[in-house]
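Numbered from 1 within each chain, the chains take letters A, B, ... in sequence-line order.
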Amino acid sequence: MDLTLTLDKKLQGFQLIAQEKLQAILCSIPGKKELILEPALIKPLEHVCTASWLKLKGIQRIYKHDAKQCIPRVDDQVHIYMIRSTLSTFQALLSQLQATATPTDVASDVLKMYGRNDAETSIQVTAYHIICVPSCYAYFQTLLEQSGLWGLVQLHHYNWDFIYLDQGVLSMELPNVFECLYLQQNTSPLPALAQSLRILQILCGRPELVVTFGNHSTQLLKMLQTLGDWPSPAKSEIGAIIIVDRDKDYASSLLTPAIYSGLLLEVFQQRAGEIIIDNTTNKIRSQKLQVLDLKTESTGSTAAPAKASSIRMNSACDEIYGDNRYKHFSQASSLVRAQAKALGLEVQKLSDMKLDEMHDYVARKLPKITEMKAKVLRHLNASEIVIEMLAGNFRKVQSLEEDILNNVSRKRLLSEIDELLITDGQRFNTLRLLCLLHLCAGILPEELQTFARNYCNLFGHQELVVFQQLAQAGLLPPLLPDKDKGQRAPTKLLSNLPLPKFKQTEFQANANRLKLLVSCADGDIDGADGHAESKQASQQACPSFVFNGTYIPLVAQFCSILLKSNSADELANKLSMVEGVQLHLNKSPPLTPKAYATQFKSHSCKSQTDLLPLRLRNLFVFVVGGSTYAEVGACDFVSKLMGAQITVASDTLFAGSDLIANAFPK
Amino acid sequence: MESQLETDNFWNRSSRAAFSFDDDDDIDAVGASDFTKWDNNAIFNDDTISEASFDNSVGSLNLSIKSIITDEALKLVLQEQTLDDCVVCKGVTPEEELRLLRRQIQNTLYSPSPEATAVKLLQGKTVSLEVFKSLHEKQQLLDTLLQNGGGDAVIGVLLFLKRTLNANQFHSILQRRPKALEHYLSYLRQAGELNSCLDLLQRFGRSQEAALLQFQAAMSCNELVIRKQQLQRLVDAYANAGVGIIPLHEQIFHAALKLQLLVERERGSGLGKQLSDHATPVEVLYACCQINNNWKEQDMLKLISPQRFSADQQISAAQYEWTALNERARAQAYADLEAIFERVPTWNPIKSKQFHISFDLALAVQRLYELKAPPTVLQMFLSKMNNNSDKLRLAQRVKCTKAIIDAMVGLKQVQELQILKDTLAERSDDQFYCENAIKGLQTKRWTTDNIKLKL
């Protein structure tokens with residue numbers, strides 16, 4: 001083992017392990033193999049291996065899986081299907097196979113092939129294999145048996161663990177974890193996450209400290225322990241792992257980010273760290289009702305088939321992205337524009353050159369410049385579309401979000417959200433604002449009712465289900481039947497009394513304890529004068545810049561608390577007020593920060609040394625249920641400020657609209 | 001061929017034409033033509049990404065598997081990946097093999113501890129549950145899994161329990177374990193077993209969710225007649241269930257049924273032809289606006305007159321106005337706009353109609369400008385703004401000269417008006433308007449501000 005490898009290199013090494021794992025499956029299958037991939041798996045799989053690699057492993061052809069038509073199989077071929085482990089996909093595939101692979105003909109095929117006449121030579125070749133990503137659920141075997149395909153189809157599971165998208169950003173590319181865990185209360189995806197965290201520790205060593213916040217996070221840790229011990233390098237490369245449930249910090253996923261990478265995801269579809277820039281459609285436009293969208297006609301007339309391009313969100317592949325990814329969007333877009341201008345000048349120089357100079361230039365510099373130009377143009381195009389899509393209401397939404405966070409005049413906020421729904425209704429984004437309002441200020445069922453009525457009028461009655469789904473995740477209040485009006489009257493009377501209410505939502509309480517809300521505190525201290533300037537200044541020195549200086553993502557704050565604390569006591573002071581935070585030390589049962597601190601005081605034992613300050617300033621952050629680029633950007637900021645290294649990983653990277661979209665029936 | 005392979009563009013084939021690695025394969029011909037097809041379908045086109053982007057494979061990563069993980073650890077990882085750990089690997093000693101086989105026999109004869117089973121399920125191994133015979137064992141297993149197992153294992157065990165216990169026992173187990181019930185319901189929903197799911201929800205007193213589920217099923221039905229029948233049944237059942245009603249749900253169920261009936265009625269007419277089967281109320285309203293030809297006096301007896309439809313569907317005034325504004329402006333029927341934004345004031349029904357708008361006036365002006373409405377229309381709307389400085393700013397943004405002049409008059413900006421006049425085209429309508437405004441301001445200077453000739 002090479003100890004000189006940096007953590008970053010090791011994290012890239014996940015790819016090699018993923019290859020080994022895939023190879024082990026593919027090589028265990030004999031015969032002429034053909035691979036049939038679910039289309040959504042293609043992009044992430046490109047991060048694991050190339051086609052030539054698959055060829056080396058004996059795959060002869062690769063198809064895209066189509067639920068409507070089955071690929072015909074010749075007698076001696078083996079079909080390997082690779083699908084996501086969702087029940088509906090699996091069932092659809094089984095029924096497809098049931099239709100084509102009727103037991104009799106396959107059995108006779110096998111018999112013919114091996115000239116099997118007597119029972120003694122029992123060589124069995126399974127003609128169909130299904131690889132489920134990331135895990136093969138326990139009941140898939142039962143379903144296989146029930147569909148009569150047992151023995152004809154063999155199941156495998158394959159987890160590529162973490163895909164290295166960019167420096168400091170890992171994703172497992174599992175898009176339905178949020179839906180399963182928070183909307184359906186179904187913990188099926190957790191074992192796969194636990195297995196990947198286990199591999200992380202096999203690779204990078206066991207950290208001295210794991211901090212969890214939230215039920216699923218704690219459950220993950222429990223699973224990790226149940227899975228048993230694992231061999232890991234003696235020296236850990238990670239100081240601490242922080243695991244946080246998405247529902248502990250919804251705000252970071254609901255607020256509109258102000259940074260370049262975050263806004264790219266707001267507008268463009270992202271798959272495995274690559275965004276697709278299509279001039280005709282994008283995430284914002286597809287959220288609007290067509291008859292009320294301005295652009296529908298204009299795109300129809302300019303029906304030139306615009307070529308879609310894409311941007312890899314990886315700083316090693318795209319230096320322009322690398323330079324700008326966590327910069328404020330306005331800054332980033334003006335930098336891109338300046339760069340485009342500079343390149344234009346560079347090309348102009350050509351006309352002033354002498355012939356031999358020109359030769360040299362064309363031979364050496366020009367190819368580089370053209371490549372650069374293509375890159376810059378792609379970013380220019382992307383940022384122009386972002387501006388076109390968001391500019392109209394950007395300021396309005398920003399100030400609305402700030403007011404929501406600070407809970408300034410609820411009535412007005414509600415009516416403004418309503419107005420946005422009517423004049424610029426976006427299927428997910430408008431709902432997202434309402435969820436944010438509920439989180440920060442709490443909305444009443446009656447208020448939700450009016451909104452929902454308008455919403456269903458705009459987007460269709462069938463969307464009624466969405467409100468219940470979001471209530472499941474705690475993003476909206478549940479609607480309750482008024483069974484007995486008489487009983488409810490007294491409580492209503494009480495709430496109607498014009499008494500000041502001090503009830504805080506859980507979000508507010510935690511946000512205040514952890515000092516996540518920046519803009520309100522700012523205003524209190526500086527008063528009116530110099531507010532703008534101080535805001536500007538504070539923005540530059542605070543991770544809240546990712547949300548225009550209004551809010552610090554919880555994970556970033558956790559990181560900075562952990563990196564700043566010099567003793568267990570200090571950590572306990574900062575975290576003890578927040579309910580649900582648990583510290584897991586090596587193999588001991590979970591402790592609250594306070595219990596950990598008192599343990600030190602009472603024992604004052606020499607045998608155990610305080611883990612704080614952290615000896616290793618490498619942190620690994622895992623968000624259960626999807627992370628956002630705002631969080632990544634904020635953590636990157638904290639790491640630079642503190643001279644540490646923070647890696648943010650999650651099951652997927654998304655924008656707020658994707659989170660809300662999970663609640664919609666597919 | 002080789003170069004295609006390198007660029008990895010082969011992914012982009014359709015499912016029918018596979019990528020073949022063999023040069024002489026005849027499928028290739030199909031592949032080639034297909035390839036160009038995908039090439040035009042821009043979404044799949046990768047060539048804008050530099051080649052380097054895919055070279056994050058082993059070579060450029062400059063890593064070897066040995067440098068990051070020990071052989072022993074790798075072996076463990078790979079072994080954990082297999083579904084079946086009953087396979088006896090090659091090269092074990094006879095004693096070892098005997099031990100393994102003995103353990104296997106034990107596992108089939110005696111029930112293993114629930115904990116051991118839970119661990120195996122967590123690892124994703126195939127586990128036979130048939131050995132859990134007694135009710136106690138079954139419950140114990142389920143509880144262990146609920147404690148520290150994945151949801152898939154819980155579902156797996158529940159399916160096994162359903163098969164091996166009678167309905168009474170099964171339901172009582174679910175009753176006492178809400179978490180298990182949640183998992184089972186999630187399974188049923190995903191599996192599309194609607195009836196079992198409804199049955200279970202009703203049984204456990206969650207009739208509101210059941211109603212929603214029925215509603216969802218009805219709405220996703222593509223056959224309009226069946227959709228209507230199901231909605232009708234749901235609306236009746238919901239009112240008579242006696243479990244209390246959620247007002248929003250009741251309203252939406254009714255509205256959906258009403259819309260269904262309307263769409264069915266209008267199927268043959270001009271309205272029906274423009275609508276898809278899943279049109280939303282606002283889309284229907286838009287279509288109603290398109291075929292409505294009397295905006296001054298809307299026929300409230302006609303179901304498809306926009307105002308009647310809005311009332312029936314409880315479409316808010318703002319939504320109605322915004323939809324009508326968009327539709328009329330797009331149809332360039334600007335004269336109708338006035339009728340949309342006119343309303344008899346409720347406090348005094350005898351008074352004549354007044355201008356009324358239910359959302360921010362500035363938004364209306366902005367949208368009209370974006371829909372390329374002529375300046376006279378913009379001026380009409382801008383004239384309703386009270387704040388002159390806001391009006392000036394907005395008028396400048398939408399380039400409505402007359403409204404700019406109006407606003408400047410309101411702000412008494414004579415000098416600015418002079419400057420503006422010089423920039424306007426000679427002898428144009430706007431210039432005359434501006435001149436008149438300046439004159440008006442100058443003559444007005446001699447009148448008392450208090451006496452206004454506005455009555």
#### Entry: B:Leu248 and A:Leu448, any side-chain heavy atoms less than 4.5 Å apart
no
### Query
Atom CD1 in B:Ile315, atom SG in A:Cys456: separation rounded to 0.5 Å?
11.5 Å
## Note on the structure
Sorted by chain and number, sequence neighbours left out, side chain to side chain donor-acceptor pair (under 3.5 Å) with B:Ser220 holds for none
### Message
Would you compute the distance between atom CZ of B:Arg163 and atom OG1 of A:Thr142 and round it to the nearest 0.5 angstrom?
### Response
6.0 Å
### Query
Looking only at heavy atoms, which two atoms of A:Ser188 and B:Gly151 are closest? And how far apart?
OG-C, 3.3 Å
### Task
List the atom of B:Gln216, the atom of A:Pro665, and the distance in Å for their closest heavy-atom pair.
NE2-CB, 3.4 Å
### Query
Yes or no on side chain to side chain contact (heavy atoms under 4.5 Å, CB included) for B:Leu363 and A:Glu419, after CA distance, side-chain angles and deciding distance?
CA-CA 10 Å; B:Leu363 288 169; A:Glu419 195 174 84; 3.4 Å; yes
### Message
Quick check on A:Gln462 against chain B: is it the side chain, the backbone, both or neither that has a heavy atom closer than 4.5 Å?
### Response
both
### Task
Measure distances from A:Lys222 to the heavy atoms of chain B and classify the residue's part below 4.5 Å as side chain, backbone, both or neither.
side chain
### Largest heavy-atom contact set with chain A, pairs under 4.5 Å, which of B:Leu122, B:Leu78, B:Leu212
B:Leu122
### Message
I'd like to verify something: which residue of B:Leu259, B:Ile155, B:Val127 has the highest number of heavy-atom pairs under 4.5 Å with chain A?
### Response
B:Ile155
### Worked check of side chain to side chain contact (heavy atoms under 4.5 Å, CB included) between B:Ile252 and A:Arg453
CA-CA 8 Å; B:Ile252 300 281; A:Arg453 196 63 233 248; 3.9 Å; yes
### Message
Would B:Val77 and A:Ile199 count as a side chain to side chain contact (heavy atoms under 4.5 Å, CB included) here? Give the steps.
### Response
CA-CA 8 Å; B:Val77 169; A:Ile199 301 219; 3.7 Å; yes
### Query
Got a donor-acceptor contact below 3.5 angstrom from the A:Gln468 side chain to the B:Glu209 backbone?
no
### Message
Just so I understand: if I count every heavy-atom pair under 4.5 Å between each of A:His157, A:Glu463, A:His156 and chain B, which residue has the most?
### Response
A:His157
### Message
Using heavy-atom distances under 4.5 Å, tell me whether B:Glu250 contacts chain A through its side chain, its backbone, both, or neither.
### Response
neither
### Message
Can you give me the closest heavy-atom contact between B:Gly149 and A:Gln219, atom names plus distance?
### Response
O-NE2, 3.5 Å
### Summary
Assert top hit (heavy-atom pairs under 4.5 Å, partner chain A, pool B:Gln190, B:Gln319, B:Glu327) equals B:Gln319
### Task
Counting only heavy atoms closer than 4.5 Å, note whether B:Gln147 contacts chain A via side chain, backbone, both or neither.
both
### Query
What part of B:Ile65 lies closer than 4.5 angstrom to a heavy atom of chain A: side chain, backbone, both or neither?
both
#### Entry: Proximity breakdown for A:Tyr158 and chain B, heavy-atom pairs closer than 4.5 Å
both
### Query
Given a strict heavy-atom distance threshold of 4.5 Å, which part of B:Gln208 is in contact with chain A: side chain, backbone, both, or neither?
side chain
### Query
Given that the side chain runs from C-beta out, which part of B:Leu213 has a heavy atom under 4.5 Å from chain A: side chain, backbone, both or neither?
neither
### Query
Looking at A:Ile36, A:Thr187, A:Leu143, which one has more heavy-atom pairs under 4.5 Å with chain B than the rest?
A:Thr187
### Engaged part of B:Leu159 at the chain A interface, taking heavy atoms whose separation is under 4.5 Å
side chain
### Message
Less than 4.5 Å apart, side chain to side chain, heavy atoms only: is that true for B:Glu182 and A:Asn186?
### Response
no
#### Entry: Which portion of A:Lys396 sits near chain B, non-hydrogen atoms under 4.5 angstrom
side chain
### Query
Do B:Asn326 and A:Val291 have side-chain heavy atoms sitting under 4.5 Å apart?
no
### Top contributor to chain A contacts, counting heavy-atom pairs under 4.5 Å, from B:His183, B:Glu72, B:Met219
B:His183
#### Entry: Contacting moiety of A:Gln184, where chain B heavy atoms sit under 4.5 Å
both
### Summary
With chain A, the option among B:Ala191, B:Ala287, B:Ala153, B:Gly156 that has the most non-hydrogen atom pairs under 4.5 Å is B:Ala191
### Task
Name the region of B:Asn148, side chain, backbone, both or neither, that has any atom closer than 4.5 Å to a heavy atom of chain A.
both
## Note on the structure
Cut-off 4.5 Å, heavy atoms of chain B, and the answer for A:Gln141 is side chain
### Message
Counting heavy-atom pairs under 4.5 Å with chain A, which one of B:Arg189, B:Glu80, B:Glu321 comes out on top?
### Response
B:Glu80
### Query
Where does A:Gln449 contact chain B at under 4.5 Å (heavy atoms): side chain, backbone, both or neither?
both
### Query
Of all residues at least two apart in sequence or in a different chain, which pass the ring-ring contact (aromatic ring centres under 6.0 Å, His included) check with B:Phe253?
B:Phe215, B:Tyr238
### Query
At their closest point, which heavy atom of B:Ala256 faces which heavy atom of A:His461, and how far apart are they?
CA-ND1, 3.3 Å
### Task
Name the option with the most non-hydrogen atom pairs under 4.5 Å to chain B; the candidates are A:Leu479, A:Leu458, A:Thr423, A:Val465.
A:Thr423
### Message
Rounded at 0.5 Å granularity, tell me how far CD in A:Glu416 sits from CG in B:Asp360.
### Response
9.0 Å
### Message
Working to the nearest 0.5 angstrom, can you tell me the gap between A:Asn457 CG and B:Ser316 OG?
### Response
7.0 Å
## Note on the structure
Under 4.5 Å to a heavy atom of chain B? For A:Leu155 that would be both
### Spatial distance of atom OG (B:Ser186) from atom CG (A:Leu87) [nearest 0.5 Å]
8.5 Å
### Query
Of the backbone (N, CA, C, O) and the side chain (C-beta and beyond), which part of B:Leu325 lies under 4.5 Å from a heavy atom of chain A, both, or neither?
neither
#### Entry: Exercise: identify the closest heavy-atom pair between A:Leu203 and B:Ile68
CD1-O, 3.6 Å
## Note on the structure
Closest non-hydrogen atoms of B:Gly244 and A:Pro481, given as atom of the first, atom of the second and distance, are C-CB, 3.8 Å
### Task
Counting only heavy atoms closer than 4.5 Å, note whether A:Gln185 contacts chain B via side chain, backbone, both or neither.
both
### Proximal component of B:Gln366, with respect to chain A [non-hydrogen, under 4.5 Å]
neither
### Task
To the nearest 0.5 angstrom, please state how far the CG atom of B:Leu74 sits from the NZ atom of A:Lys21.
10.0 Å
